[in-house]
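A short write-up of the structure that comes next.
What you see is a predicted model, and the numbers here were worked out from it, not measured in a lab.
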Amino acid sequence: MQIKVYCDHHLQSKAAADQIAELLLWNSSALLCFATGDTPKLTYELLVERLMNEKIDISKCFFIGLDEWVAVSKDDTGSCHWFLHHYLFEPLNIPASQIHLFDANAEDLQAECRKMNDLIRYKNGIDLMLVGVGMNGHIGFNEPGTKEDGLAHVIDLDATTLSVSKKYFNGEMQASKGITLGLGQFLSAREVIMMASGSKKAPIMKMALEGETGTQVPASLVRNHRNASVVLDKEAAEGLQLISQNLFQ
Ligand code: F6R
């Protein structure tokens, strides 16, 4: 694992966007899995800009969603579905044939999980996964205590996630469950970018990077990943012992 700390959110986002673009330059048929949320928004905007400016070929790439709020409509601006279409798929004109997201309104959510697991297996694993970190240390919707080798599953969202979720939704949020890829899929992705920004993430990043490794803080498992970059702005890295060695401009 490599920890990279940037002076501000723009530089942090540019670094993450460049890392994705560079993978796409040599692997034009990558299987990519992207988180939603506030943290990676600017990364996606900068990625779109670079891919368009440099005409990087992504016509053979395939995109999967990391997670979704169960029973929330795809058209709700708080849904992961809406977010990924708005920030990535529409600006990049990615056709539906190159996208597979969880249908969190499906009657059979277990079948949705199986479909996602089968697809990942069929495509020979995830090439790059970009994740954010929840205030409780979750990755995707893998809440504290989720098993380390899990695949896609449906999960009860914990109180912290439910309370934080209000920031994404205009009205009342109805979901009490999430559908998510599992930590096993996070750990076996060939490359991982974990991002956190802002001082509100500093306490959980300190626990994740310098506390005990274990599923009580799912983000701490990044330390067991063989090819992970933790990309932080300096506020999120506040208090890390490692910060002085890793401050990039
Ligand atoms: C969303 C997701 C979540 C978020 C996390 C951080 O797809 O997977 O795990 O990455 O809750 O959210 P933000 O970036 O809004 O702080």
Side-chain angles (χ1 to χ4, degrees), residues 1 30-37 39-40 62-72 79-81 83-84 99-162 164-165 175-196 204-205 207-209 211-230:
M1 175 198 63
L31 178 58
L32 304 160
C33 174
F34 289 137
T36 63
T39 314
F62 199 90
F63 298 83
I64 55 174
L66 173 59
D67 49 10
E68 188 56 280
W69 309 93
V70 166
V72 165
S79 71
C80 302
H81 188 102
F83 179 105
L84 290 171
I99 302 169
H100 181 75
L101 306 181
F102 286 116
D103 176 0
N105 286 288
E107 254 174 50
D108 187 347
L109 291 174
Q110 296 310 324
E112 276 304 298
C113 293
R114 283 194 299 274
K115 235 189 272 175
M116 186 62 93
N117 292 336
D118 290 349
L119 177 79
I120 293 171
R121 229 174 280 125
Y122 172 74
K123 292 205 170 277
N124 196 27
I126 298 169
D127 291 296
L128 178 101
M129 193 167 190
L130 183 146
V131 299
V133 178
M135 294 296 287
N136 59 0
H138 72 200
I139 296 173
F141 284 143
N142 290 277
E143 303 286 33
T146 310
K147 64 180 181 161
E148 196 169 330
D149 56 357
L151 301 181
H153 60 282
V154 177
I155 186 164
D156 289 327
L157 298 171
D158 87 1
T160 310
T161 303
L162 289 173
V164 172
S165 72
S176 60
K177 290 179 187 292
I179 183 166
T180 182
L181 292 191
L183 292 173
Q185 284 152 327
F186 166 74
L187 287 169
S188 59
R190 278 185 276 282
E191 184 174 344
V192 155
I193 302 175
M194 174 180 280
M195 296 185 78
I204 194 65
M205 291 318 293
M207 283 170 77
L209 299 175
E212 262 177 47
T213 314
T215 56
Q216 280 315 313
V217 180
S220 68
L221 297 177
V222 73
R223 282 145 70 192
N224 296 342
H225 196 284
R226 64 205 142 102
N227 185 21
S229 310
V230 180

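In this structure, the side chain of N142 engages the main chain of L181 through a donor-acceptor pair within 3.5 Å. Remark: the backbone N or O of V72 is paired with a side-chain donor or acceptor of N105 at under 3.5 angstrom.
What you find for G134 and I204 is that their closest heavy atoms are O-CG2, 3.8 Å. Here the closest non-hydrogen pair linking L101 and E112 is O-OE1, 4.3 Å. A152 approaches C113 most closely through the heavy-atom pair O-CB, 3.6 Å. A228 and V222 make their closest contact through CB-CG2, 3.6 Å (heavy atoms, listed as atom of the first residue, atom of the second, distance). Considering all non-hydrogen atoms of both residues, V133 and A219 come closest at CG1-CB, 3.8 Å. Nearest heavy-atom pair, M207 versus R223, reported as atom, atom and distance to 0.1 Å: O-NH1, 4.0 Å.
Note that CD1 of I120 and CD1 of I126 are 4.0 Å apart. Values are rounded to the nearest 0.5 Å. Distance check: L183 CG to F186 CZ gives 7.5 Å after rounding to the nearest 0.5 Å. Taking CD1 from I179 and CH2 from W69, the interatomic distance works out to 14.0 Å, rounded to the nearest 0.5 Å. Within the model, atoms CG of L157 and OG1 of T180 stand 9.5 Å from one another, a figure rounded to the nearest 0.5 Å. Note that CE of M116 and CD1 of I64 are 5.0 Å apart. Values are rounded to the nearest 0.5 Å. Atom NE2 in H81 sits 13.5 Å away from atom CG in D67 (nearest 0.5 Å).
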Run F141 and L66 through side chain to side chain contact (heavy atoms under 4.5 Å, CB included) and show every step you take. CA-CA 8 Å; F141 284 143; L66 173 59; over 6 Å; no
Test log, rule side chain to side chain contact (heavy atoms under 4.5 Å, CB included), inputs T161 and D158: CA-CA 5 Å; T161 303; D158 87 1; 3.3 Å; yes
Under the side chain to side chain contact (heavy atoms under 4.5 Å, CB included) criterion, do D103 and E68 qualify, and how do the steps go? CA-CA 8 Å; D103 176 0; E68 188 56 280; over 6 Å; no
Applying side chain to side chain contact (heavy atoms under 4.5 Å, CB included) to M1 and L209, what does each step give before you reach the verdict? CA-CA 10 Å; M1 175 198 63; L209 299 175; 3.9 Å; yes
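For the pair I193/V131, no side-chain contact is recorded, criterion being any heavy-atom separation below 4.5 Å from C-beta on. Looking at L109 and K177, their side chains never come closer than 4.5 Å, going by heavy atoms from C-beta outward.
For the salt bridge (Lys or Arg N to Asp or Glu O under 4.0 Å) condition, the pairs that include at least one residue of residues 121-131, sequence neighbours left out, are D118-R121, D127-R190.
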